[in-house]
Number of protein chains: 2
Amino acid sequence: MIPYTANTLKAELNSRGWRLTPQREKILHVFQNLPRGDHLSAEELQHTLEERGEPISLSTIYRSVKLMARMGILRELELAEGHKHYELHRPHPHHHHHMVCVQCNKTVEFNNDSILKQSLRQVEKEGFQLIDCQLTVTTICPEALRMGWPSGLPSNWACTRVISEDK
Amino acid sequence: MIPYTANTLKAELNSRGWRLTPQREKILHVFQNLPRGDHLSAEELQHTLEERGEPISLSTIYRSVKLMARMGILRELELAEGHKHYELHRPHPHHHHHMVCVQCNKTVEFNNDSILKQSLRQVEKEGFQLIDCQLTVTTICPEALRMGWPSGLPSNWACTRVISEDK
DNA sequence: CCCAACAAGATAATCATTCTCAATTAATCA
DNA sequence: TGATTAATTGAGAATGATTATCTTGTTGGG
Ligand SMILES: [Mn+2]
Ligand SMILES: [Mn+2]
Ligand SMILES: [Zn+2]
Ligand SMILES: [Zn+2]
């Protein structure tokens, strides 16, 4: 999939009766230049734009990010912080999944074409059309394990009951 | 994994310094008797209990459900309705994933041990400890497709940019 | 049975996200 | 290129799920 330019974005928007605005273009730009593995929340996106001297209202941020996710330009991630994060939607072979530490929220991406392939097969078998598939793996990261998790339970702590293949 | 009884639940709670209460027991009971494929939101859970003549305050519902998810007794699902859903956590071989229609929110469960196995391998390779892995597949269901999706865009509509294996 | 710690219930507070509405602007077309 | 019109923005209010607070009730250990 070719990266969007102002023109291709405009074409795609107009084809649906929507408009290319400076705000939408700038938002896309931020995501296109985001380092691999980074994800932005609505507020983080706003801060990024502010620092660039291109302030955009939060309302517009939310609206744009939602529209672009629905268009398939962005991917909406439900990780573990109480708010959504977004990243550029990159189909195969850049499609990837996430593992998140429930202790510190550290997030690591990983590729696995096989999962996509299996999902596609499963989905089509049921007569559905696949839009996206995200495997979210909740874990305890090495640092948390090293620090003796789950000893200091109280405030932020999670599950001991791990899933395993008892084949 | 053996289904919980009042006793095993009590043991597990007490081992962490928590207590077995009638509320927690009733909540577990609801989930244990929920038909396969059903998921409850906090409010739905409250309604269910109310109908049974066992009213529990929403505060307690939220607290219990969160605690039990962290203990690994329940699984927290981020599907597509703006609120969380819960189901009983059933490890292998009952572990499963979900496909959701972005048009009508219809949710279908499917099993796939291979995904769990691959996640486990991936996670351990990075030195993490796996707690849970959920593949959420966003789709368009057959009914929506049959009705000509995505013709009537406006209000509830989603992405055309589908992912595919262009192998 | 008694006490201290934990938990429930009622309600207020948070906080991410959505909505409202007046003012602005992009796309279309004469 | 200028008028027209619907889409979009920005500011702030509103919403709604979830969490926090506080008082009263319970549980579990001694
Ligand atoms: Mn964040
Ligand atoms: Mn629901
Ligand atoms: Zn961690
Ligand atoms: Zn549907």
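Just so it is clear: chains get the letters A, B, ... in the order the sequence lines come, proteins before strands, and each one is counted from 1.
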**Student:** List for me each residue that meets salt bridge (charged side-chain N to carboxylate O under 4.0 Å, His left out) alongside A/E87, sequence neighbours excluded, and say none if there are none.
**Tutor:**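 Salt bridge (charged side-chain N to carboxylate O under 4.0 Å, His left out) list for A/E87, sorted by chain: A/R75.
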
**Student:** Can you list everything that forms a ring-ring contact (aromatic ring centres under 6.0 Å, His included) with A/F110? Sequence neighbours excluded, please.
**Tutor:**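 So A/F110 forms a ring-ring contact (aromatic ring centres under 6.0 Å, His included) with A/H97.
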
**Student:** What residues, two or more places apart in sequence or in another chain, satisfy side chain to side chain contact (heavy atoms under 4.5 Å, CB included) together with B/Q32?
**Tutor:**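 Partners of B/Q32 by the side chain to side chain contact (heavy atoms under 4.5 Å, CB included) criterion, ordered by chain and then number, come out as B/P3, B/Y4, B/L28, B/H29, B/L88.
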
**Student:** Hey, what do you get for CZ (A/R24) to CD1 (A/I56), rounding to the nearest 0.5 Å?
**Tutor:**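 Reported to 0.5 Å precision, the distance equals 11.0 Å.
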
**Student:** Measure CZ/A/R19 against P/D/dT4 and give the value in whole Å, please.
**Tutor:**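 The answer, rounded to whole Å, is 16 Å.
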
**Student:** Which residues pass the ring-ring contact (aromatic ring centres under 6.0 Å, His included) test with B/H47, sequence neighbours left out?
**Tutor:**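 ring-ring contact (aromatic ring centres under 6.0 Å, His included) list for B/H47, sorted by chain: empty.
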
**Student:** With A/S59, which residues qualify under side-chain hydrogen bond (donor to acceptor under 3.5 Å, both in side chains), at least two apart?
**Tutor:**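 Counting only residues at least two positions away or on another chain, A/S59 forms no side-chain hydrogen bond (donor to acceptor under 3.5 Å, both in side chains).
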
**Student:** Starting at the 5' end of DNA chain D and moving along, which residue's nearest nucleotide shows up first, B/N14 or B/E81?
**Tutor:**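 Nearest nucleotide further toward 5': that of B/E81.
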
**Student:** Do you reckon A/L77 sits in the same ILVMFWY cluster as A/V30, going by side-chain contacts under 4.5 Å, direct or chained?
**Tutor:**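 No: no chain of side-chain contacts under 4.5 Å links A/L77 to A/V30.
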
**Student:** Please give me every residue in residues 42-52 of chain B whose heavy atoms get under 4.0 Å of an atom in DNA chain C, ordered by residue number.
**Tutor:**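 Result for residues 42-52 of chain B: none.
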
**Student:** How many angstroms lie between CD in B/Q23 and OG1 in B/T60, if you round to the nearest 0.5 Å?
**Tutor:**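 So the gap between those two atoms works out to 6.0 Å.
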
**Student:** Identify each donor-acceptor pair in which a side-chain atom of residues 120-128 of chain A lies under 3.5 Å from a protein atom, sequence neighbours left out, and give them as a table.
**Tutor:**
{"from": "A/Q122", "atom 1": "NE2", "to": "A/E126", "atom 2": "OE2", "distance (Å)": "3.3"}

**Student:** Show me the pairs that pass salt bridge (charged side-chain N to carboxylate O under 4.0 Å, His left out) and involve residues 94-110 of chain A, at least two apart or across chains.
**Tutor:**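 Listed by first then second residue: A/K106-A/E143.
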
**Student:** Considering only nitrogen or oxygen atoms on both sides, find all protein atoms under 3.5 Å from nucleotides 9-15 of chain D and state each distance.
**Tutor:**
{"from": "D/dT9", "atom 1": "OP1", "to": "A/T21", "atom 2": "OG1", "distance (Å)": "2.8"}
{"from": "D/dT9", "atom 1": "O3'", "to": "A/Q23", "atom 2": "NE2", "distance (Å)": "3.0"}
{"from": "D/dG10", "atom 1": "OP1", "to": "A/Q23", "atom 2": "NE2", "distance (Å)": "3.3"}
{"from": "D/dG10", "atom 1": "OP2", "to": "A/S57", "atom 2": "N", "distance (Å)": "3.3"}
{"from": "D/dG10", "atom 1": "OP2", "to": "A/S57", "atom 2": "OG", "distance (Å)": "3.3"}
{"from": "D/dG10", "atom 1": "OP2", "to": "A/T60", "atom 2": "OG1", "distance (Å)": "2.8"}
{"from": "D/dG10", "atom 1": "N7", "to": "A/R63", "atom 2": "NH2", "distance (Å)": "2.8"}
{"from": "D/dG10", "atom 1": "O6", "to": "A/R63", "atom 2": "NH1", "distance (Å)": "3.2"}
{"from": "D/dA11", "atom 1": "N7", "to": "A/S59", "atom 2": "OG", "distance (Å)": "3.3"}
{"from": "D/dA11", "atom 1": "N6", "to": "A/S59", "atom 2": "OG", "distance (Å)": "3.3"}
{"from": "D/dG12", "atom 1": "O6", "to": "A/S59", "atom 2": "OG", "distance (Å)": "2.8"}

**Student:** Given atom NZ of A/K10 and atom C1' of D/dT8, what is their separation to the nearest angstrom?
**Tutor:**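 In whole Å, D/dT8 C1' lies 14 Å from A/K10 NZ.
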
**Student:** Report for the helix from C/dC1-D/dG30 to C/dA30-D/dT1: angle between first-end and last-end helix axes, five pairs each, rounded to 10 degrees.
**Tutor:**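 One end axis against the other gives 50°.
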
**Student:** Send over the distance from A/L9 CG to D/dT8 P, rounded to a whole Å.
**Tutor:**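 Taking atom P of D/dT8 as the reference, CG of A/L9 is at 12 Å.
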
**Student:** Do A/R90 and A/H96 pair up side chain to side chain, a donor and an acceptor below 3.5 Å, judged on atom types alone?
**Tutor:**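 No donor-acceptor contact under 3.5 Å links the two side chains.
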
**Student:** Residues in ring-ring contact (aromatic ring centres under 6.0 Å, His included) with B/H39, at least two apart?
**Tutor:**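 ring-ring contact (aromatic ring centres under 6.0 Å, His included) list for B/H39, sorted by chain: B/H98.
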
**Student:** Using atom CZ of B/R70 as one end and atom C1' of D/dT18 as the other, report the distance to the nearest whole Å.
**Tutor:**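 Going from CZ in B/R70 over to C1' in D/dT18 covers 13 Å.
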
**Student:** Taking the side chain of B/Y62 as heavy atoms from C-beta outward, which of D/dG28, D/dA17, D/dT5 is closest to it?
**Tutor:**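 Ranking D/dG28, D/dA17, D/dT5 by closest atom to the B/Y62 side chain puts D/dA17 first.
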
**Student:** Provide the start and end nucleotides, 5' to 3', of the part of DNA chain C that has atoms under 4.0 Å from heavy atoms of chain B.
**Tutor:**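 Range of nucleotides within reach of chain B: C/dA5 to C/dT11.
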
**Student:** So which one's nearest nucleotide on DNA chain C is more toward 5', B/G17 or B/L58?
**Tutor:**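 It is B/G17, whose closest nucleotide lies nearer the 5' terminus.
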
**Student:** Would you say B/T107's side chain and B/N105's backbone share a donor-acceptor pair under 3.5 angstrom?
**Tutor:**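 It does hold such a pair.
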
**Student:** Atom CH2 of A/W18 and atom P of D/dT8: how far apart are they, to the nearest Å?
**Tutor:**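 My rounded result for the distance is 8 Å.
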
